[in-house]
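I have placed the structure first, in the form of structure tokens, so that the comments after it can refer back to it.
Note that the structure is predicted; figures quoted are calculated from it, not measured. FYI, the numbering just counts along the sequence from 1.
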Amino acid sequence: MVTIRNKFTNEPLPEFIERLQKGEALLTDSPENVVEVVGILKSYGVVLDAYSINLNYIAEHQFLVFFPFFKYFNGEISFQKLLRHWWHDRINFEYAEYCMKAMMWHGGGGLDEYLDTKEFQERAQAVITAKFKNNPLILGINQLFPDFLTEQLRVSAYYSGLGQFWRVMADIFLSLSDLYDKGEIKSIPQVVDHIKAGLVESAAKPITYSVKIKGKLYDIIPKDVGLTFLADTAIPYVEAVFFRGTPFHGTVSYNAQAYQISPDQSRFQYGALYADPLPIGGAGIPPTLLMQDMRHYLPEYLHEIYRRSLRGEDDLRVQICITFQKSMFCVTTAAILGLAPYPLDTKDPSEEKANRVYFAKWMSRLETSQLLEVNK
């Protein structure tokens, strides 16, 4: 008998829904795309490694420090390093904080929920008391404004959560580059499979956070809270940074009467998948910092591609951003496929339909993204 499948009409980006149902990537598979994506993720992995180390350092050693002048130094302070810092001959850790603040502002996931619980507040108060037990002024301020120091620890928890998330992602991207160098990665679907396998492998990795005060360890996010890598850091990160993001200063008006920014956060479309690469390098565009960091660690085979382009290195940051967007659609594909409600090779019509509805919802969100642009 011939099985007649339900025809879906008015679907957003139907071509890409078909790709996802077949387990293919949102980015077209071509030798050029493979070189660009692997190369940029190698650079990104090196930068994420540095970001992760610094975020975890700030969370563990700079918590409840009101003026953390040396928070980007990872505890290694020298006059030479200070000069390089002032000259901006360094990793721009400010971008890592930008992503952290976007995650915290948009919320979502178990981390966001836990930080509003009574359990967290009690643990936070124990840390505050231990940290300032010989400082009656700060304890007095804490009595007058009980949420002030607690909020500082919420921020520290997000430093730690994002630091742990990026630790995993850095390892995934660097191992991808190693496999490419060995000739084991030759297609975009293989890139996606590698990323998806890394996400699945680390999905249940616990997210914890502890600080040490005068030799005693205080759990702020203990393991028994049950926070995990995928549900409580990876998915909120994708939502906050890939999709929603924050409007860039100078590109839209922050004046409420101008109505250029939606009051509904769920309608924000300022994330990495939507951003126009052309403003990269301009004032008030945070990703410029990331592109500047990645340019220092480009593999030679990718750098050579950029040199041969129409403008050479004159628009290097913009070229990096375009390639970076391609790679982020690969990461997004891995996340979408990994979270599909049913196996992609299912033969059950109802499961096939449920998968298609699931993919259509994602494509609805990506209609106004740079998806068509990166596939030109």
Side-chain angles (χ1 to χ4, degrees), residues 51-52 55-56 58-60 62-64 96-131 142 145-169 199-211 217-246 262-273 331-332 334-336 338-341 358 361-362 365:
Y51 286 173
S52 172
L55 288 173
N56 287 322
I58 293 174
E60 294 168 12
Q62 299 290 301
F63 66 97
L64 296 179
E97 289 187 301
Y98 162 77
C99 291
M100 178 276 296
K101 290 173 183 176
M103 274 187 75
M104 184 174 182
W105 193 62
H106 285 293
L111 177 58
D112 182 48
E113 294 175 4
Y114 170 70
L115 295 179
D116 287 330
T117 63
K118 186 176 180 181
E119 179 184 354
F120 168 75
Q121 291 178 347
E122 291 173 350
R123 292 183 177 279
Q125 283 304 313
V127 171
I128 292 166
T129 302
K131 178 86 171 179
N142 186 52
F145 308 101
D147 288 334
F148 174 62
L149 294 178
T150 303
E151 187 68 10
Q152 302 304 310
L153 284 177
R154 286 194 181 96
V155 174
S156 295
Y158 265 97
Y159 272 105
S160 179
L162 181 55
Q164 293 175 70
F165 166 70
W166 270 342
R167 174 69 273 145
V168 172
M169 298 310 297
L199 293 174
V200 171
E201 181 183 356
S202 301
K205 181 182 176 67
I207 299 297
T208 62
Y209 175 36
S210 302
V211 297
L217 202 64
Y218 292 82
D219 288 332
I220 297 178
I221 305 177
K223 187 176 181 179
D224 58 20
V225 170
L227 300 186
T228 56
F229 166 82
L230 185 64
D232 303 310
T233 59
I235 295 175
Y237 177 85
V238 169
E239 181 69 36
V241 179
F242 283 21
F243 284 90
R244 297 187 183 182
T246 57
S262 172
D264 181 3
Q265 285 176 242
S266 67
R267 294 174 61 190
F268 274 33
Q269 292 184 339
Y270 304 104
L273 303 180
V331 176
T332 302
I336 292 174
L339 295 169
Y358 163 79
K361 288 180 179 178
W362 281 104
R365 298 191 67 185

Could you check if a side-chain atom of Tyr51 sits within less than 4.5 angstrom of a side-chain atom of Met169, using non-hydrogen atoms only? no
Does Leu111 reach the side chain of Pro236, with side-chain heavy atoms less than 4.5 Å apart? no
Is there a side-chain contact between Phe63 and Val155 in this structure, where contact means two heavy atoms from C-beta onward sitting under 4.5 Å apart? no
Scanning both residues in full, the closest heavy-atom pair of Leu149 with Leu64 reads O-CD2, 3.7 Å
Heavy-atom side-chain contact between Ser52 and Leu55 under 4.5 Å: no
Are side-chain N/O atoms of His106 and Gln265 paired as donor and acceptor at under 3.5 Å? yes
Is any side-chain heavy atom of Gln164 closer than 4.5 Å to a side-chain heavy atom of Thr233? no
Is any side-chain heavy atom of Asp112 less than 4.5 Å from a side-chain heavy atom of Tyr158? yes
Where do Arg244 and Glu239 land on the side chain to side chain contact (heavy atoms under 4.5 Å, CB included) test, with the steps shown first? CA-CA 6 Å; Arg244 297 187 183 182; Glu239 181 69 36; 2.8 Å; yes
Could you go through Leu339 and Tyr358, starting from their C-alpha distance and side-chain angles, then the distance that decides it, and tell me whether this counts as side chain to side chain contact (heavy atoms under 4.5 Å, CB included)? CA-CA 9 Å; Leu339 295 169; Tyr358 163 79; 3.3 Å; yes
When you measure from the side chain of Thr117 to the backbone N and O of Glu113, does any donor-acceptor pair fall under 3.5 Å? no
Tyr218 six-ring face occupied by Lys131 cation (under 6.0 Å, within 45°): no
Is it true that the side chains of Asp264 and Ser266 contain a donor and an acceptor less than 3.5 Å apart? yes
Are Ile207 and Thr228 close enough, and set up right, to give a side chain to side chain contact (heavy atoms under 4.5 Å, CB included), and what steps lead you there? CA-CA 5 Å; Ile207 299 297; Thr228 56; 5.6 Å; no
Mind telling me whether Phe165 and Tyr237 have parallel, tilted or perpendicular rings, with 30° and 60° as the class edges? tilted
Does a donor on one side chain sit under 3.5 Å from an acceptor on the other, for Tyr159 and Glu97? yes
Roughly how far apart are Ser160 OG and Asn56 CG, rounded to 0.5 Å? 5.5 Å
Does Gln125 have any side-chain contact (heavy atoms from CB on, under 4.5 Å) partners at least two apart in sequence or in another chain, and if so, which? Ile128, Asn142, Thr150
Residue pair Asp232 / Gly109: nearest heavy atoms and the distance that separates them: OD1-C, 3.8 Å
Can you confirm if the aromatic rings of Phe268 and Trp105 lie within a centre distance of less than 6.0 Å? yes
Rounded distance (nearest 0.5 Å) linking atom CG of Leu230 with atom CD of Glu201: 13.0 Å
Kindly indicate, with the supporting measurements, whether the criterion side chain to side chain contact (heavy atoms under 4.5 Å, CB included) is fulfilled by Arg123 and Lys118. CA-CA 9 Å; Arg123 292 183 177 279; Lys118 186 176 180 181; over 6 Å; no
If I take atom CZ from residue Arg154 and atom CG from residue Asp116, how far apart are they, to the nearest 0.5 angstrom? 5.5 Å
Is there a side-chain contact between Arg167 and Lys205, using heavy atoms and a 4.5 Å cut-off? no
Would you check if Leu227 and Tyr209 make a side-chain contact, meaning some heavy-atom pair closer than 4.5 Å? no
